[in-house]
Amino acid sequence: MTLTGKGKIAGVIGWPVSHSLSPMLHDHWLEEYKIDGAMVLLAATREDFAAVIDGVRRAGFKGVNVTVPHKEAAFALAHRLDAAAKLAGAANLLIFSDNGVEGRNTDSYGLTESLRETLGELDGKTVVLLGAGGAARGAILALEMMNAKTIHLLNRDAHRALTLASSLAPQIRAPIRPGVLTDWKNVAGDAALVVNSTSAGMGANPPLDIDLSVLPKDAAVCDIVYNPLETKLLRDANARGHKTIDGLGMLMHQAVPSFEAFFGVRPQVTQALRDALVKVLSARQ
């Protein structure tokens, strides 16, 4: 990567943001495609978010990726929104132009492409989705794009699961059946895929406590967590012979539309990219 005064600059904004892999991910592509540009970290509190966005936009940034806790604020700030952002109620990508700020959501796209790499489509298949937060909303949109037959939405708080299911039901063809985590044994026996959209198992968070023995032998297990790369859920699933999908695939694929919007080239997700990010993650352990 060569950066000059004419280089295209983009950022990733969050609080905290030092843990983000986005700079390394985009730097890999900038080097691969010999693009004059850079991706920089932007640490901003909730109170400073709008001011920082205004500042980098005035400074000539092409846009920013948005991570926690700013995705809803990004949604509210955007002048235009794509369909995925409207459905998710959140934006993880802001693109700056003379016409204002465009907000997009690429999380569901990232999960869809990651799952497709291993599973293909989900035509006529049942999915159990764990969690009912913002990540679960994006996951439901991904499962819709993959033509899931039924989505069992299980959450510790039954009301949150019901609220999320009700809010998305008008836009989702597959029935969303809300429930609590204790319903797991009643629904897991029909699942072709389990997706954990909670933060359980991330960092110091305690892992999920679910009995995988009730899953069909050919069911796949996905965890959107990528740090650690192999959560206890995935380790246990691997031990039982299930196909597993970690969160790194989603991270890489959701960045593809961002890179294209910032730097004008649609990049490829490759094994070399994954190896580079795994190396970074391993060094942080």
Side-chain angles (χ1 to χ4, degrees), residues 107-108 110-132 135-136 138-140 142-156 161 174-177 179-254 269-279 281-282 285:
D107 285 336
S108 53
L111 181 57
T112 299
E113 293 303 305
S114 178
L115 291 172
R116 279 177 174 158
E117 282 185 336
T118 301
L119 305 177
E121 298 299 328
L122 290 171
D123 297 332
K125 296 179 180 178
T126 296
V127 180
V128 178
L129 174 59
L130 306 173
I140 290 173
L143 299 173
E144 165 74 1
M145 285 190 277
M146 296 180 70
N147 300 312
K149 178 185 176 182
T150 303
I151 302 169
H152 291 283
L153 179 64
L154 306 186
N155 190 57
R156 203 172 336 187
I176 307 171
R177 307 197 187 284
V180 291
L181 291 177
T182 51
D183 293 327
W184 165 257
K185 290 187 177 181
N186 299 325
V187 301
D190 295 326
L193 171 66
V194 178
V195 178
N196 173 38
S197 72
T198 75
S199 59
M202 179 188 296
N205 294 342
L208 280 170
D209 183 21
I210 57 174
D211 179 11
L212 295 180
S213 68
V214 297
L215 278 177
K217 294 289 186 182
D218 59 351
V221 179
C222 172
D223 199 327
I224 68 168
V225 171
Y226 63 82
N227 190 13
L229 199 55
E230 185 179 56
T231 59
K232 182 178 184 299
L233 174 65
L234 295 187
R235 190 164 59 249
D236 292 347
N238 268 319
R240 292 185 50 81
H242 295 287
K243 289 181 180 179
T244 58
I245 302 101
D246 60 48
L248 194 54
M250 176 181 173
L251 178 74
M252 294 186 294
H253 281 288
Q254 63 83 30
V269 171
T270 61
Q271 186 62 45
L273 173 61
R274 181 181 176 87
D275 291 345
L277 295 180
V278 169
K279 185 176 181 179
L281 286 170
S282 297
Q285 299 301 313

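We number each residue from 1, following the sequence as shown. Because the structure is predicted, anything quoted here is derived from the model rather than measured.
Among residues two or more places apart in sequence or in another chain, the salt bridge (Lys or Arg N to Asp or Glu O under 4.0 Å) test is passed with Glu230 by none. In this view, Ser213 and Asp211 satisfy the side chain to side chain donor-acceptor pair (under 3.5 Å) rule, not counting sequence neighbours. By the side chain to side chain donor-acceptor pair (under 3.5 Å) test, Arg274 pairs with Asp246, sequence neighbours left out. Lys185 is linked by a side chain to side chain donor-acceptor pair (under 3.5 Å) to nothing, counting only residues two or more places apart in sequence or in another chain. For Asp190, there are no side chain to side chain donor-acceptor pair (under 3.5 Å) partners at least two apart in sequence or on another chain.
Looking at Cys222 and Leu111, their side chains come closer than 4.5 Å, going by heavy atoms from C-beta outward. Residues Asp209 and Trp184 have side chains not in contact (no heavy-atom distance under 4.5 Å, counting atoms from C-beta outward). The shortest side-chain heavy-atom distance between Ile224 and Asp107 does not fall under the 4.5 Å cut-off. Counting only heavy atoms from C-beta outward, the side chains of Asn196 and Leu234 never approach each other to under 4.5 Å. Taking 4.5 Å as the limit, some side-chain heavy atom of Leu193 sits within range of a side-chain heavy atom of Leu143. Side-chain contact between Leu215 and Val221 is present, with heavy atoms from C-beta onward closer than 4.5 Å. Using a 4.5 Å heavy-atom cutoff, the side chains of Leu233 and Leu212 are in contact.
A salt bridge links Asp236 and Lys232; the closest N-O separation between the charged side-chain nitrogens and carboxylate oxygens is under 4.0 Å.
If you take CD1 on Ile140 and CG on Leu153, they are separated by 5.0 Å, rounding to the nearest 0.5 Å.
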Tabulate below the donor-acceptor pairs under 3.5 Å that side-chain atoms of residues 122-130 make, not counting sequence neighbours, or state none.
residue	atom	partner	partner atom	Å
Asp123	OD1	Asn147	ND2	3.2

